[in-house]
There are 2 protein chains.
Amino acid sequence: MASTNNGVQSIERAIAILRCFTEAKPEWRVTELADRLHLHKSSISRILATLEQEGLVKQNEETGKFHLGVGLVAMAGVALGHLDARRVSQPHLNSLVEICQETVNVTILDGNECVNIERVASPKPIRYVGWLGRRTPTYCTAAGQVLLAYRSPEERQALLPNPLVVYTDKTVVDAAALNHLFTQVRQQGYAIVHEAFEEGFSAIAAPVHDHTGQVIAAITISGPTFRLGPGQIEQFVPPLLATVARISADMGYREA
Amino acid sequence: MASTNNGVQSIERAIAILRCFTEAKPEWRVTELADRLHLHKSSISRILATLEQEGLVKQNEETGKFHLGVGLVAMAGVALGHLDARRVSQPHLNSLVEICQETVNVTILDGNECVNIERVASPKPIRYVGWLGRRTPTYCTAAGQVLLAYRSPEERQALLPNPLVVYTDKTVVDAAALNHLFTQVRQQGYAIVHEAFEEGFSAIAAPVHDHTGQVIAAITISGPTFRLGPGQIEQFVPPLLATVARISADMGYREA
DNA sequence: GAACATTGTTTCATAATACGCAACAGATTG
DNA sequence: CAATCTGTTGCGTATTATGAAACAATGTTC
């Protein structure tokens, strides 16, 4: 675990531990983390003890496994409160959910990934995938395509992972095809993606602009493909575009 | 900054820094944090640089001030996903909001404070106070009173801060009066609080029980006192009690 | 505009802290 | 029951994080 930066190593190690906890693997043993991070288990144990004392992780006494703790939620709440895109979008989201009866998200770029910073859930029963805080790739999600489409080609290239991962048989990884998609997004003002990241899920997203004209967030309507497949999801274009226009105006955007 | 525990000191310092960022003061300067935490500013600067490199804080380049970063949101999303009370409650919350047209929260105890772990927003315009991740005291909030009421007197005593802070002229801090309130909560099965924590805000809360019978969360309907004052908020008792009964049943609770 | 104050960052020497090792106690497995 | 696995703890010491000082940039005051 060589640190190529001049950060405080033990803090970096703590954060690396926290980062191991994911949706896919929310619980870890000391020894698993030690293997994964190539650190001695006594170091892991000590770091976890510190994190637990501060409420950032919690140990299941029966199993000995650790999971992330509620202390993180309180901090994240403050972080979320600082996001203009979230604050300005919120008053508009309920009416969009009323209209479309599907889940709506606000998504921003963090590094080269998308992060969901708000979610208003569909009233309909469905397995939920757009949870708050979830990180997703850019090129194969509707929100991500919107967030990339309005960037310069150089910026876009820098933001795309290399190699591009194929998630489903609908994932587009061909550079020319992707560029065509981005052009289409800019022309239409929205992106539609069917099952390119997760099978059985579809989404439509449109951009929120701030007062400088930059695209700072995407508003997404998403749900199961059996409800939002081709020919069905298009009905949401008008209310989605109207919503992002209102949010963008509230952000101080003036269309040229 | 003497650590009375045997944690990793530099990690503790990083967390202490993160904890300074609150709703009341979401931005800090290096020198402010140094003063607040009695650490040298060069230590603060270095720790913040490490946290920034990992996305947990972000510096405003124009002002030089730091605020919490989106990296925390992603971690908190995983933490939230691990909370049974949140997961089990979610399918029930939209219909409760439909009925009451006010904001609904799921709240749990963390240490001796309440933390909101879910929120479905009211469709009505109002200044929002029950944000996700927000920490609030127990004794003067509806959720907190519910979460305390079903504890043993010893546990309750240990969970109450000393001294009890007075937030408004409606805050009850007299021990006998508080105990009377807790008894009332247990008899009624819900708590109603008008302006005891924040002027102009009222809330009603009821308990969610798990399969062992323990109260593990409170479901709260809250809003402005002008809409939910005495004589008005009582209309929400039946739907609230029905909702917590359903959630508790889903948690495996069987009423004695 | 000059002088001063404030800010956040960087360098450096060194002391303190975090480290890995080893031991331990308890739980699990075959 | 023995072997293995687990997470924790004590220990010596080398590595790391520290505080002081210097610095450059910005802001404030007269």
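Here is how names work: the chains are called A, B, and so on, in the same order as the sequence lines, proteins then strands, and each is numbered from 1. Note that the structure is a prediction, hence the values are computed from the model and not measured.
- Taking the ring centroids of A:Phe21 and B:His82, they lie at or beyond the 6.0 Å cut-off.
- To the nearest 0.5 Å, atom CG of residue B:Leu18 and atom CD of residue A:Glu54 are 10.0 Å apart.
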### Message
Under the criterion side-chain contact (heavy atoms from CB on, under 4.5 Å), I'd like the reasoning laid out for A:Phe201 against A:Thr168: C-alpha separation, chi angles, the key distance, then a yes or no.
### Response
CA-CA 11 Å; A:Phe201 285 91; A:Thr168 72; over 6 Å; no

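- One axis for each end of the helix from C:dG1-D:dC30 to C:dG30-D:dC1, each built from five base pairs, and the angle between them comes to 50° at 10° resolution.
- Taking every nucleotide of DNA chain D with any atom under 4.0 Å from a non-hydrogen atom of chain A, the first and last of them, 5' to 3', are D:dT6 to D:dA17.
- Whole-Å rounding puts the B:Leu48 CG to C:dT9 C1' distance at 12 Å.
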Please tabulate, one pair per line, each protein N/O and nucleotide N/O from nucleotides 3-6 of chain C that are separated by under 3.5 Å, including the distance.
none

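- Taking the side-chain hydrogen bond (donor to acceptor under 3.5 Å, both in side chains) definition, one finds that A:Arg29 meets it with nothing, sequence neighbours left out.
- A side chain to side chain contact (heavy atoms under 4.5 Å, CB included) with A:Val106 holds for exactly one of A:Val120, A:Ile117, A:Val115, A:Asn116; it is A:Ile117.
- Look at CG on B:Asn60: it is 14 Å from C1' on C:dT7, rounded to the nearest Å.
- Annotation: the span from A:Arg119 atom CZ to B:Leu132 atom CG amounts to 8.5 Å, rounded to 0.5 Å.
- Side-chain contact check for B:His209 versus B:Pro207: some heavy-atom pair is nearer than 4.5 Å.
- Residue B:Ser45 holds its OG atom at 12.5 Å from CG of B:Leu39, rounded to the nearest 0.5 Å.
- Using a cut-off of 4.0 Å between Lys/Arg side-chain N and Asp/Glu carboxylate O, A:Glu32 and A:Lys65 are scored as not salt-bridged.
- Counting only N and O atoms by type, the side chains of A:Thr141 and A:Thr136 include no donor and acceptor under 3.5 Å apart.
- Note: CG (B:Leu33) to C1' (C:dT7) measures 13 Å, nearest angstrom.
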### Under 4.0 Å protein heavy-atom contact, by nucleotide of nucleotides 19-30 of chain C - B base, S sugar-phosphate only
BBB---------

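- Here side-chain hydrogen bond (donor to acceptor under 3.5 Å, both in side chains) pairs that include residues 246-256 of chain A, with residues two or more places apart or in two chains, are A:His92-A:Asp250.
- Atom CG in A:Leu72 sits 9.0 Å away from atom CD1 in B:Ile15 (nearest 0.5 Å).
- Nearest-nucleotide assignment on DNA chain D puts the 5′-proximal partner with A:Gln59, out of A:Gln59 and A:Ile11.
- Between A:Glu198 and A:Arg134 there is a salt bridge, since a side-chain N of the basic residue sits under 4.0 Å from a carboxylate O of the acidic one.
- Following rounding to the nearest Å, B:Glu52 (CD) and C:dG8 (C1') show an atom-to-atom distance of 12 Å.
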